[in-house]
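In this text, all values refer to a predicted model and were calculated from it rather than measured experimentally.
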Amino acid sequence: MVKFSPPSRWIVILCSFSLSLAGPVQIPNLKVPASAAANQQAVKDIFLQSYSAYSEFAFGHDSLLPVSKGFVDDRNGWGATIADAMGTMVCFSDLFEQALDFVSKVDFSQSNTPSSVSLFETSIRYVGGMISAYELSGKQHQILVQQAQQLVDKMVFAWADPNQTIPFGEIFFANNSPIAAVNNVAEAGTLDVEWSRVTLYTGNQLYTNLSEGSVRTIANLPSPFPGLPPQLVDPTDDMFVDAFLTWGGGTDSYLEYLIKYARITNTDDNLFADTWHAAVDSSIKELLRTSTIGDHTYLADWNAGEILLEGSHLACFHGGNWILGGKLLNNQTIVDIGLELVEACWNTYASTETGIGPETFSFMAPDGDFTQPDAQQLAFNSEHGFWITTSDYIQRPEVLESNFYAWRATGDTKYLDRAASAVESFRKFLVANETNGFAGLNDVNDFTAGLEDDTESFWFAEVLKYLFLTFDDPENISLDNFVFNTEGQVFEAPPAKAVYGSGTPIAASGQFHTKTSDALPLPVISPDPLVTIKPGPMNGQ
């Protein structure tokens, strides 16, 4: 491990104002150039080609294995790809009716596999997918709400004790018994957007009370820095189980949803917007770093007092999230830093042989720790300002998601060019000859390393939706009228409020406490068919 001596404190413009008047997220009257039509058609073609392969070799199952011409039921066998893709199908495909027919007949009260049910994954993919499809198809298919409610009615048993506010993350539907285990704040704090929509269409306030209550509990626990909770939390006593801070997996969507929940509900409770504001303010003060090569702006991780100079594809949603939140808070400082984060994440795409970014990476900055790169990584860093630490691509959307927000917020056509570049890279490097479907990559900087045998459901729900909308008329699914969940599912938003938050970051009072958990098992972060990412720092730090 390499350590630099700490420099003087990062000099920043503090993100505190007495009043925050929300502005529009998108540039008014934004138009796409004529060239966008061909790129949009290319995205549609990729979707149809991908879904055709799924239909031929895996229809009704969760995910296609595009290389081995098989399937995997890793999301309880309810047809995750179909449910997740429905909101995208509504946008541009005649496949929606087939998907509607399939989803309408699924018995969501029982798992089709022996596996437990993940509250997080089930909420963002299945519940989110069906509610989004319900809204986008004109609210005429009530069965979608009924099916979503059936799932949520089973998942409420994850609150095993009447006094429990944070749910366990996994539950067996057969007997409604949760697995008593430590949860992470992303999974415990990323239910309220979807569950509040089910409340909206069913009138059952329990769903909102439970999901919102989990977020409130996390937000009111003292953390190392205002608004930035550690990754792991024990639902049995509401105590943190580590001291690791990140915008990456395990924490990411908790932070993402704080501002999105404020926007989609227009709640008068400033807790959500002000806690997000505090997280951003703390991140600017404590985590923001500029690479010594290339002057790229990154958000480092922090572990029990140590700055870790590492980043991930998962964390690259932060640029788009800061653009959105900065616009809602009328805080140009946050917007500008968000755009810098977008630049750094795009550089991870532009720097590789395939034009696609890696799963994780490291960088050098004037202070912080990193694992010593080998000679090849060091040479790569000297040219690109980062080096690859996990080289695969599993069809993640975050870089293109943030690119979409940057385009809609600025109107700079360089973001259209970048999206077009990604489309071309996908067509060139991700097609599996065995099925004509689209796969992941084992090494984004060495195409000869081959394809990963998996087509993720979020390939349809997120990657292709964000690309399609990047080239679409900006008035369709406008960021001023819709909110995206963390799976790319689109929900209608009410007219924007004049003010989001109090204008002042808030944080829980009291002293930060954490514990070591020996009794309860720890969760995994972002399960991947080939790579399981454990909680905590990357690269063995």
Side-chain angles (χ1 to χ4, degrees), residues 47 51 54-55 59-63 73-113 117-156 158 171 173 190-204 206-208 210-211 253 257 260-261 264 456-462 464-465 477 482-493:
F47 181 97
Y51 198 79
Y54 167 79
S55 296
F59 188 83
H61 296 280
D62 290 336
S63 300
D73 283 323
D74 53 345
R75 298 291 167 215
N76 304 102
W78 293 319
T81 289
I82 299 172
D84 222 2
M86 289 181 75
T88 312
M89 291 177 181
V90 171
C91 294
F92 59 79
S93 174
D94 59 0
L95 297 171
F96 176 73
E97 291 298 328
Q98 179 196 52
L100 176 65
D101 179 69
F102 175 86
V103 169
S104 299
K105 297 174 182 176
V106 174
D107 181 2
F108 286 112
S109 69
Q110 58 184 3
S111 175
N112 289 332
T113 70
V117 175
S118 164
L119 265 67
F120 170 74
E121 298 289 358
T122 302
S123 294
I124 65 174
R125 301 190 195 213
Y126 288 107
V127 176
M130 289 188 286
I131 294 297
S132 177
Y134 171 72
E135 292 185 358
L136 291 176
S137 61
K139 301 178 184 176
Q140 57 182 318
H141 304 294
Q142 188 65 27
I143 185 63
L144 293 172
V145 175
Q146 295 169 5
Q147 293 289 69
Q149 184 177 21
Q150 185 178 50
L151 276 171
V152 174
D153 280 340
K154 296 288 288 187
M155 290 189 285
V156 298
I171 184 171
F173 273 15
T190 309
L191 306 173
D192 53 356
V193 168
E194 295 82 10
W195 287 36
S196 66
R197 304 309 277 183
V198 182
T199 290
L200 177 67
Y201 295 120
T202 66
N204 192 332
L206 175 66
Y207 312 136
T208 294
L210 288 175
S211 58
S253 49
Y257 271 30
K260 287 185 173 182
Y261 189 70
I264 201 168
E456 290 282 355
S457 72
F458 51 70
W459 169 252
F460 301 94
E462 297 188 79
L464 299 180
K465 183 184 284 115
I477 316 295
F482 292 87
V483 170
F484 290 75
N485 84 339
T486 197
E487 188 75 4
Q489 303 297 350
V490 179
F491 301 122
E492 297 174 355

(message) Any heavy-atom pair between the side chains of E492 and K139 that's under 4.5 Å?
(response) yes
(message) Apply side-chain contact (heavy atoms from CB on, under 4.5 Å) to residues I124 and E194 and explain how you reach the verdict.
(response) CA-CA 7 Å; I124 65 174; E194 295 82 10; 3.8 Å; yes
(message) Keeping S132 on the side-chain end and G128 on the backbone end, is there a donor-acceptor pair under 3.5 Å?
(response) no
(request) Please tell me if the side chains of E487 and D84 come closer than 4.5 Å, counting only heavy atoms from C-beta onward. (result) yes
(request) Could you give me the CA-CA distance, side-chain angles and deciding distance for V193 and I264, then say whether side-chain contact (heavy atoms from CB on, under 4.5 Å) is met? (result) CA-CA 8 Å; V193 168; I264 201 168; 4.3 Å; yes
(request) Output all residues satisfying side-chain contact (heavy atoms from CB on, under 4.5 Å) with L200, sequence neighbours left out; order by chain, then residue number. (result) R197
(request) Using distance alone, with no hydrogens and no angle criterion, decide if S457 and R75 have a side-chain donor and acceptor under 3.5 Å apart. (result) no
(message) Show the nearest heavy-atom pair for residues M155 and S118, with the distance to one decimal.
(response) SD-O, 4.4 Å
(request) Working to the nearest 0.5 Å, report the span between CD of E462 and OG1 of T486. (result) 6.5 Å
(request) Using atom types as modelled and distance alone, determine if a side-chain donor or acceptor of T122 lies under 3.5 Å from a backbone N or O of L119. (result) no
(message) With a 4.5 Å cut-off on side-chain heavy atoms, are K154 and Q110 touching?
(response) no
(message) Measuring from atom CG of N76 to atom CG of N112, what distance do you get when rounded to the nearest 0.5 angstrom?
(response) 8.0 Å
(message) Please find the pair of heavy atoms, one from T208 and one from W195, that lie closest to each other, and give the distance.
(response) OG1-O, 4.2 Å
(message) Using a 3.5 Å distance criterion without hydrogens, assess whether the side chain of N485 forms a donor-acceptor pair with backbone atoms of G488.
(response) yes
(message) As an exercise, state the distance from CG of L191 to OH of Y261, rounded to the nearest 0.5 Å.
(response) 11.0 Å
(message) Any heavy-atom pair between the side chains of F47 and M89 that's under 4.5 Å?
(response) yes
(message) Using 0.5 Å steps for rounding, measure from the OH atom of Y257 to the OG atom of S211.
(response) 10.5 Å
(request) Might you point out which heavy atoms bring M86 and A133 nearest each other, and give the distance in Å? (result) CB-CB, 3.8 Å
(message) For V198 versus A148, what's the shortest heavy-atom pair and its separation?
(response) CG2-CB, 4.5 Å
(request) Ignoring hydrogens and angles, tell me if any N or O in the side chain of Y201 forms a donor-acceptor pair with the backbone of Q149 under 3.5 Å. (result) no
(message) Distance check, rounded to the nearest 0.5 Å: H61 atom NE2 versus D74 atom CG?
(response) 12.0 Å
(message) Could you check whether any side-chain heavy atom of F59 comes within less than 4.5 Å of a side-chain heavy atom of I82, counting everything from C-beta outward?
(response) yes
(request) For residues Q142 and Y134, determine if any side-chain heavy atom of one lies less than 4.5 Å from a side-chain heavy atom of the other. (result) yes
(request) Locate the shortest heavy-atom distance separating E135 from V490; write the atom from each residue and the value. (result) OE1-O, 4.2 Å
(message) Contact between F491 and F482 at the side-chain level, heavy atoms closer than 4.5 Å - yes or no?
(response) no
(request) Anything under 30° is parallel, anything over 60° is perpendicular, the rest tilted; go ahead and classify F460 against Y51. (result) perpendicular
(request) May I ask you to decide if D62's main-chain N or O and Y54's side chain share a donor-acceptor pair within less than 3.5 Å? (result) no
(message) Quick check for you: to the nearest 0.5 Å, what is the distance between T202 atom OG1 and Y207 atom OH?
(response) 5.0 Å
(request) Taking the side chain as every heavy atom from C-beta outward, state whether L151 and W78 have any atom pair closer than 4.5 Å. (result) yes
(message) Has Q147 got a side-chain atom pairing as donor or acceptor with V103's backbone, closer than 3.5 angstrom?
(response) yes
(message) Using modelled atom types and a 3.5 Å cut-off, is there a donor and acceptor pairing between side-chain atoms of K260 and backbone atoms of F484?
(response) yes
(request) Heavy atoms only: give me the nearest G77-T113 pair and the separation to one decimal. (result) N-CG2, 3.9 Å
